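Working notes for the structure below.
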Amino acid sequence: EPEVTQTPSHQVTQMGQEVILRCVPISNHLYFYWYRQILGQKVEFLVSFYNNEISEKSEIFDDQFSVERPDGSNFTLKIRSTKLEDSAMYFCASTGTVFEVYGYTFGSGTRLTVV
Amino acid sequence: GQQLNQSPQSMFIQEGEDVSMNCTSSSIFNTWLWYKQDPGEGPVLLIALYKAGELTSNGRLTAQFGITRKDSFLNISASIPSDVGIYFCAGQLPGKLIFGQGTTLQVKP
């Protein structure tokens with residue numbers, strides 16, 4: 001079964017440092033997403049990306065965040081200057097269409113710890 | 001913004017017991033979803049509901065979409081140890097999901 005792959009599984013970074021989280025979405029999917037889950041809390045939408053543009057972003061996705069699809073397979077989330085409150089699990093997801101449900105596939109996540 | 005309120009927050013039950021959890025929203029969603037999350041993993045879709053009043057089963061799981069499209073429940077019958085995890089309801093909007101706070105289920109063998 002096709003998978004969304006995320007690397008690394010765990011990243012520890014110093015406050016103020018830049019971090020890049022990487023995702024390889026399912027190959028024939030066109031829509032890509034990042035979600036965040038602070039420990040013990042709900043999963044929150046960050047951003048959606050289609051046709052090399054941000055489609056929608058939440059209030060959480062401020063100027064410190066950016067996304068990029070640098071080549072035909074990777075989808076990255078960059079945090080420019082990490083803060084302690086950025087510590088969370090970050091999930092990448094992808095779909096073939098914007099209304100897709102059963103194909104809405106999440107990766108296993110990257111646990112980001114900012115110290 | 002849209003918010004989903006999920007209850008209970010946690011449940012600790014004996015193996016074999018039935019479980020029920022529910023979710024309410026102040027907004028209408030056209031599609032309602034139930035996910036399970038195992039530790040260190042991403043959410044995995046269990047059931048999707050599309051029609052108001054719809055009752056859908058997936059093995060031991062049964063979910064219903066409320067007539068008002070603002071609520072849903074999930075039932076798990078005859079729980080087993082591998083049912084342990086966090087269960088999330090989610091409402092689907094074009095291109096994104098709005099999640100509830102989750103129900104943590106623990107099953108005692």
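Chain naming here is simple, since letters A, B, ... match the order of the sequence lines and numbering starts at 1 in each. Just the heavy atoms: all of them, side chains too, but no hydrogens, waters or symmetry mates, feed the values below. Not measured: the values here are computed from a predicted model.
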field: Leu84(A), CG: over 12 other non-hydrogen atoms inside 6.0 angstrom
entry: yes
message: Between Gln37(A) and chain B, with a heavy-atom cut-off of 4.5 Å, which part of the residue counts as in contact: side chain, backbone, both or neither?
response: side chain
- request: Please state whether the side chain, the backbone, both or neither of Tyr50(A) comes within less than 4.5 Å of a heavy atom of chain B.
  value: neither
Segment of Glu41(B) engaging chain A (4.5 angstrom heavy-atom cut-off): both
query: Leu49(B), Phe29(B): one ILVMFWY side-chain cluster at the under-4.5 Å cut-off?
result: yes
Partner chain B: residue of Gln6(A), Lys42(A), His10(A) with the largest heavy-atom pair count (under 4.5 Å): Lys42(A)
- prompt: Of the non-hydrogen atoms in Ser48(A) and Gly95(B), which two are nearest, and what is the gap between them?
  reply: CB-O, 4.1 Å
task: Report yes if some heavy atom in the side chain of Phe106(A) is under 4.5 Å from a heavy atom in the side chain of Gln37(B); otherwise report no.
output: no
statement: Applying a strict 4.5 Å limit to non-hydrogen atoms, the region of Gln6(B) in contact with chain A is neither
Reported CG-to-CD distance for the pair Leu93(B) and Glu56(A), which is rounded to 0.5 angstrom: 8.0 Å
side-chain contact (heavy atoms from CB on, under 4.5 Å) between Leu97(B) and Tyr104(A), intermediate numbers included: CA-CA 10 Å; Leu97(B) 302 177; Tyr104(A) 207 121; 3.9 Å; yes
CD1/Ile67(B): more than 12 non-hydrogen atoms of other groups inside 6.0 Å: no
message: Given heavy-atom pairs under 4.5 angstrom as the criterion, report whether the side chain, backbone, both or neither of Leu45(B) touches chain A.
response: side chain
- prompt: So with a 6.0 Å cut-off around CD of Glu15(B), is the heavy-atom count from everything else above 12?
  reply: yes
message: Between Ser55(A) and chain B, with a heavy-atom cut-off of 4.5 Å, which part of the residue counts as in contact: side chain, backbone, both or neither?
response: neither
query: So if you build clusters from Ile, Leu, Val, Met, Phe, Trp, Tyr with side-chain heavy-atom gaps below 4.5 Å, do Val19(A) and Phe61(A) land together?
result: yes
message: How long is the straight-line distance from OG of Ser58(A) back to CD1 of Ile98(B), given to the nearest 0.5 Å?
response: 9.0 Å
Heavy-atom proximity to chain B below 4.5 Å, by part of Tyr31(A): neither
- prompt: CD of Glu59(A): more than 12 outside heavy atoms within 6.0 angstrom?
  reply: no
side-chain contact (heavy atoms from CB on, under 4.5 Å) assessment of Gln41(A) paired with Gln101(B): CA-CA 6 Å; Gln41(A) 298 188 22; Gln101(B) 304 98 316; over 6 Å; no
- prompt: Is it the case that one hydrophobic cluster holds both Ile79(A) and Phe49(A), taking links as side-chain heavy atoms less than 4.5 Å apart, direct or via other members?
  reply: yes
message: Do Tyr33(A) and Tyr35(B) land in one hydrophobic cluster if side-chain heavy atoms of ILVMFWY residues count as linked below 4.5 Å?
response: yes
task: Determine, using the 4.5 Å side-chain heavy-atom cutoff (strictly less than), whether Val84(B) and Met11(B) are members of one ILVMFWY cluster.
output: yes
